[in-house]
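Below, chains carry the letters A, B, ... as their sequence lines are ordered, and counting in each starts from 1.
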Amino acid sequence: MFDRTLLERPSLEVAPLLLGALLTCGDVSVRITEVEAYLGADDPGSHSFRGKTKRNATMFGEPGHLYTYFTYGMHVCANVVCSPSGVATAVLIRAGEVVRGIPIAEERRPTAKNFAELARGPARLVTSLGILLADDGDDLASGRVRLDLADAVSPFAQGPRTGVSGAGGTVDFPWRFWIPGDPTVSPYKRSVPKKRAPILDPLG
DNA sequence: CGAAGGATTTTCT
DNA sequence: GAAAATCCTTCGT
(Lines give C-alpha, C1' and ligand atoms only; values in the text may rest on other atoms or scores of the structure.)
Protein backbone atom coordinates (compact mmCIF):
# COMPACT_ATOMS: atom_id res chain seq x y z
CA MET A 1 0.00 0.00 0.00
CA PHE A 2 1.31 3.42 -0.98
CA ASP A 3 -0.73 6.55 -0.24
CA ARG A 4 0.93 9.72 -1.47
CA THR A 5 -1.63 11.96 0.21
CA LEU A 6 -0.36 10.73 3.57
CA LEU A 7 3.10 11.97 2.62
CA GLU A 8 1.90 15.42 1.61
CA ARG A 9 1.77 16.31 5.29
CA PRO A 10 4.74 17.87 7.12
CA SER A 11 7.56 15.49 8.01
CA LEU A 12 6.82 15.79 11.73
CA GLU A 13 3.42 14.21 11.12
CA VAL A 14 4.64 11.69 8.57
CA ALA A 15 7.56 10.39 10.66
CA PRO A 16 5.54 8.23 13.10
CA LEU A 17 3.50 6.86 10.19
CA LEU A 18 6.64 5.36 8.67
CA LEU A 19 7.44 3.22 11.72
CA GLY A 20 6.70 -0.38 10.82
CA ALA A 21 6.52 0.39 7.10
CA LEU A 22 8.41 -1.73 4.61
CA LEU A 23 11.24 -0.32 2.47
CA THR A 24 12.29 -2.55 -0.43
CA CYS A 25 15.14 -2.44 -2.93
CA GLY A 26 15.64 -5.46 -5.16
CA ASP A 27 15.52 -8.66 -3.11
CA VAL A 28 16.03 -6.98 0.26
CA SER A 29 13.27 -5.55 2.45
CA VAL A 30 13.55 -3.64 5.72
CA ARG A 31 10.93 -2.91 8.36
CA ILE A 32 11.52 0.68 9.49
CA THR A 33 12.12 1.01 13.24
CA GLU A 34 13.70 4.46 13.67
CA VAL A 35 13.29 7.77 11.81
CA GLU A 36 14.01 11.48 12.17
CA ALA A 37 12.03 14.43 10.85
CA TYR A 38 13.77 17.28 9.05
CA LEU A 39 11.92 20.52 8.44
CA GLY A 40 12.62 23.38 6.11
CA ALA A 41 12.86 27.05 7.02
CA ASP A 42 12.71 26.63 10.80
CA ASP A 43 15.25 23.83 11.06
CA PRO A 44 18.96 24.77 11.00
CA GLY A 45 19.85 21.09 10.95
CA SER A 46 18.05 20.47 7.68
CA HIS A 47 19.76 20.46 4.31
CA SER A 48 16.92 22.64 3.02
CA PHE A 49 17.39 25.34 5.69
CA ARG A 50 19.41 27.62 3.39
CA GLY A 51 17.23 27.17 0.35
CA LYS A 52 17.34 25.02 -2.74
CA THR A 53 20.68 23.71 -4.01
CA LYS A 54 21.74 21.10 -6.50
CA ARG A 55 22.06 18.47 -3.77
CA ASN A 56 18.76 19.01 -1.95
CA ALA A 57 16.58 19.74 -4.99
CA THR A 58 14.66 16.49 -4.48
CA MET A 59 13.45 17.70 -1.07
CA PHE A 60 11.61 20.54 -2.82
CA GLY A 61 9.85 18.20 -5.23
CA GLU A 62 6.83 15.92 -5.06
CA PRO A 63 6.27 13.99 -1.80
CA GLY A 64 6.78 10.24 -1.81
CA HIS A 65 10.10 10.38 -3.61
CA LEU A 66 13.48 9.18 -2.34
CA TYR A 67 16.09 11.75 -1.31
CA THR A 68 19.59 10.30 -1.06
CA TYR A 69 22.70 12.28 -0.20
CA PHE A 70 26.39 11.62 0.24
CA THR A 71 28.04 12.57 3.53
CA TYR A 72 31.20 12.19 5.61
CA GLY A 73 33.16 11.35 2.50
CA MET A 74 31.89 7.78 2.35
CA HIS A 75 28.29 7.32 3.36
CA VAL A 76 24.88 7.53 1.70
CA CYS A 77 21.69 8.22 3.66
CA ALA A 78 18.07 7.86 2.55
CA ASN A 79 15.03 10.08 3.18
CA VAL A 80 11.34 10.07 2.31
CA VAL A 81 10.32 13.45 0.86
CA CYS A 82 7.26 14.97 2.58
CA SER A 83 5.05 18.06 2.20
CA PRO A 84 3.61 19.36 -1.08
CA SER A 85 5.92 20.37 -3.94
CA GLY A 86 7.78 23.55 -3.10
CA VAL A 87 7.89 22.81 0.64
CA ALA A 88 11.07 20.99 1.61
CA THR A 89 10.62 18.58 4.51
CA ALA A 90 11.76 14.97 4.71
CA VAL A 91 12.11 12.01 7.04
CA LEU A 92 15.53 10.37 7.45
CA ILE A 93 15.35 6.58 7.76
CA ARG A 94 17.73 5.86 10.64
CA ALA A 95 17.31 2.14 11.26
CA GLY A 96 15.32 -0.93 10.39
CA GLU A 97 15.06 -4.70 10.65
CA VAL A 98 15.98 -6.75 7.57
CA VAL A 99 12.99 -9.02 7.01
CA ARG A 100 13.83 -10.32 3.53
CA GLY A 101 17.10 -11.01 1.71
CA ILE A 102 19.14 -11.42 4.89
CA PRO A 103 21.94 -13.40 3.17
CA ILE A 104 22.35 -10.57 0.64
CA ALA A 105 22.46 -7.95 3.40
CA GLU A 106 25.05 -9.98 5.31
CA GLU A 107 27.23 -10.08 2.22
CA ARG A 108 27.01 -6.32 1.83
CA ARG A 109 27.70 -5.66 5.52
CA PRO A 110 30.44 -8.11 6.55
CA THR A 111 31.21 -6.16 9.72
CA ALA A 112 27.73 -6.77 11.15
CA LYS A 113 28.02 -9.15 14.11
CA ASN A 114 24.33 -10.01 14.30
CA PHE A 115 21.07 -9.45 12.41
CA ALA A 116 20.29 -6.25 14.34
CA GLU A 117 23.45 -4.54 13.09
CA LEU A 118 22.61 -5.10 9.43
CA ALA A 119 20.48 -1.95 9.20
CA ARG A 120 21.07 -0.17 12.52
CA GLY A 121 22.14 3.34 11.48
CA PRO A 122 21.21 5.38 8.39
CA ALA A 123 24.28 4.54 6.29
CA ARG A 124 24.17 0.88 7.28
CA LEU A 125 20.53 0.59 6.30
CA VAL A 126 21.30 2.05 2.88
CA THR A 127 24.17 -0.40 2.42
CA SER A 128 22.08 -3.44 3.35
CA LEU A 129 19.34 -2.46 0.93
CA GLY A 130 21.77 -1.63 -1.86
CA ILE A 131 20.41 1.90 -2.29
CA LEU A 132 22.69 4.09 -4.38
CA LEU A 133 23.30 7.81 -4.60
CA ALA A 134 21.94 7.52 -8.13
CA ASP A 135 18.55 6.49 -6.73
CA ASP A 136 17.99 10.09 -5.61
CA GLY A 137 14.61 11.38 -6.82
CA ASP A 138 13.09 7.96 -7.50
CA ASP A 139 9.33 7.63 -6.97
CA LEU A 140 8.79 5.32 -3.99
CA ALA A 141 5.57 4.09 -5.60
CA SER A 142 7.14 2.83 -8.81
CA GLY A 143 10.94 3.20 -8.69
CA ARG A 144 13.81 0.85 -7.88
CA VAL A 145 13.24 1.60 -4.18
CA ARG A 146 9.69 1.20 -2.91
CA LEU A 147 7.79 2.06 0.23
CA ASP A 148 4.92 -0.05 1.57
CA LEU A 149 2.82 1.54 4.32
CA ALA A 150 0.58 -1.50 4.81
CA ASP A 151 1.78 -2.50 8.27
CA ALA A 152 2.87 0.93 9.42
CA VAL A 153 0.95 0.73 12.68
CA SER A 154 3.17 0.58 15.75
CA PRO A 155 3.34 2.17 19.15
CA PHE A 156 6.15 4.69 19.03
CA ALA A 157 8.47 6.67 21.25
CA GLN A 158 9.60 10.23 20.59
CA GLY A 159 12.71 12.10 21.66
CA PRO A 160 15.53 14.47 20.67
CA ARG A 161 17.12 14.13 17.25
CA THR A 162 20.61 12.70 17.20
CA GLY A 163 23.75 13.11 15.19
CA VAL A 164 22.95 16.68 14.24
CA SER A 165 25.77 19.06 15.04
CA GLY A 166 26.05 22.75 14.37
CA ALA A 167 23.15 25.08 15.09
CA GLY A 168 20.58 22.32 14.74
CA GLY A 169 22.27 20.22 17.38
CA THR A 170 22.54 22.84 20.08
CA VAL A 171 18.86 22.44 20.93
CA ASP A 172 17.16 19.12 21.46
CA PHE A 173 13.88 18.89 19.55
CA PRO A 174 11.69 15.78 19.86
CA TRP A 175 11.94 15.05 16.17
CA ARG A 176 13.19 11.47 16.41
CA PHE A 177 10.75 8.57 16.45
CA TRP A 178 11.35 4.89 17.09
CA ILE A 179 9.64 1.62 17.99
CA PRO A 180 10.24 1.13 21.74
CA GLY A 181 12.37 -1.82 22.72
CA ASP A 182 13.28 -2.83 19.17
CA PRO A 183 16.82 -4.26 19.05
CA THR A 184 17.56 -2.58 15.72
CA VAL A 185 17.21 0.97 17.08
CA SER A 186 20.55 2.78 17.30
CA PRO A 187 21.87 2.28 20.83
CA TYR A 188 24.81 4.65 20.75
CA LYS A 189 22.72 7.82 21.02
CA ARG A 190 19.88 7.34 23.46
CA SER A 191 16.71 9.39 23.69
CA VAL A 192 18.20 11.12 26.71
CA PRO A 193 21.96 11.16 26.20
CA LYS A 194 24.02 10.81 29.33
CA LYS A 195 26.03 13.83 28.32
CA ARG A 196 27.88 14.02 31.62
CA ALA A 197 30.18 16.95 32.11
CA PRO A 198 33.80 15.88 31.58
CA ILE A 199 35.58 14.90 34.79
CA LEU A 200 38.52 17.23 35.30
CA ASP A 201 41.52 16.51 37.46
CA PRO A 202 42.49 19.69 39.35
CA LEU A 203 46.02 18.34 39.83
CA GLY A 204 46.47 17.84 36.09
C1' DC B 1 30.26 -0.82 27.81
C1' DG B 2 31.98 3.91 26.85
C1' DA B 3 35.06 7.35 24.87
C1' DA B 4 38.06 8.92 21.30
C1' DG B 5 40.12 9.40 16.86
C1' DG B 6 40.58 8.37 11.84
C1' DA B 7 38.76 7.79 7.25
C1' DT B 8 37.45 10.63 3.06
C1' DT B 9 34.83 13.85 -0.30
C1' DT B 10 30.98 16.70 -1.26
C1' DT B 11 29.00 21.00 -0.38
C1' DC B 12 28.66 25.63 0.76
C1' DT B 13 30.96 29.98 2.83
C1' DG C 1 38.93 25.99 3.95
C1' DA C 2 35.80 24.01 7.25
C1' DA C 3 32.04 21.31 8.42
C1' DA C 4 29.27 17.41 7.76
C1' DA C 5 21.78 14.04 9.17
C1' DT C 6 28.42 8.38 9.97
C1' DC C 7 30.87 4.11 10.77
C1' DC C 8 34.74 1.40 12.38
C1' DT C 9 38.73 0.40 15.24
C1' DT C 10 41.23 0.80 19.24
C1' DC C 11 41.97 1.63 23.83
C1' DG C 12 40.42 2.05 28.72
C1' DT C 13 37.46 0.53 32.61
Side chain of Arg109(A) only, please: which of dT13(B), dC8(C), dT6(C) is the nearest? dC8(C)

Counting side-chain heavy atoms from CB outward, which of dC12(B), dC8(C), dA5(C) is closest to Thr53(A)? dC12(B)

Any side-chain donor near an acceptor of the partner, Asp136(A) and Thr58(A), under 3.5 Å: yes

I'd like to know whether the aromatic ring centres of Tyr69(A) and His47(A) sit less than 6.0 Å apart in this structure. yes

Please determine if a side-chain N or O atom of Arg124(A) lies less than 4.0 Å away from the OP1 or OP2 oxygen of dC8(C). yes

Please report the distance, rounded to the nearest Å, between CG in Asp43(A) and C1' in dA5(C). 10 Å

Send over the distance from Lys52(A) NZ to dC12(B) C1', rounded to a whole Å. 17 Å

Distance, rounded to the nearest Å, where Arg120(A) contributes CZ and dC7(C) contributes P: 10 Å

Write down the distance between CD (Glu34(A)) and C1' (dT6(C)), rounded to a whole number of angstrom. 13 Å

Using purine N1 to pyrimidine N3 plus N6-O4 or O6-N4 for Watson-Crick, or N1-O2 and O6-N3 for G-U wobble, both under 3.5 Å, which nucleotide pairs with dA5(C)? none

Is any NZ, NE, NH1 or NH2 atom of the basic residue among Asp138(A) and Arg144(A) found under 4.0 Å from an Asp or Glu carboxylate oxygen of the other? no

Looking only at dT13(B), dT6(C), dA5(C), the nucleotide nearest the Tyr67(A) side chain is dA5(C)

Thr71(A) has a side chain; which of dT11(B), dC7(C), dT6(C) sits nearest to it? dT6(C)

To the side chain of Met59(A), which of dC7(C), dT11(B), dA5(C) is closest? dA5(C)

With respect to the side chain of Met74(A), which nucleotide from dT8(B), dA5(C), dC8(C) is positioned closest? dT8(B)

Figure out the NE2/P separation between His75(A) and dA5(C), and round it to whole Å. 13 Å

Between P of dT11(B) and OH of Tyr72(A), the distance in whole Å: 16 Å

Check the distance between dC7(C)'s P and Glu117(A)'s CD and give it to me in whole angstrom. 11 Å

Mind checking whether Phe60(A) and Ser85(A) have side chains closer than 4.5 Å, heavy atoms only? no

Ignoring the backbone of Thr111(A), work out which of dT9(C), dA5(C), dT6(C) is nearest its side chain. dT9(C)

Tell me, yes or no, whether the heavy-atom count around Asn114(A) atom CG, taken from other residues, nucleotides or ligands under 6.0 Å, exceeds 12. yes

Please report, rounded to the nearest Å, how far the P atom of dT11(B) is from the CZ atom of Phe70(A). 9 Å

Which nucleotide, dT6(C), dC12(B), dT9(B), lies nearest any side-chain atom of Cys77(A)? dT6(C)

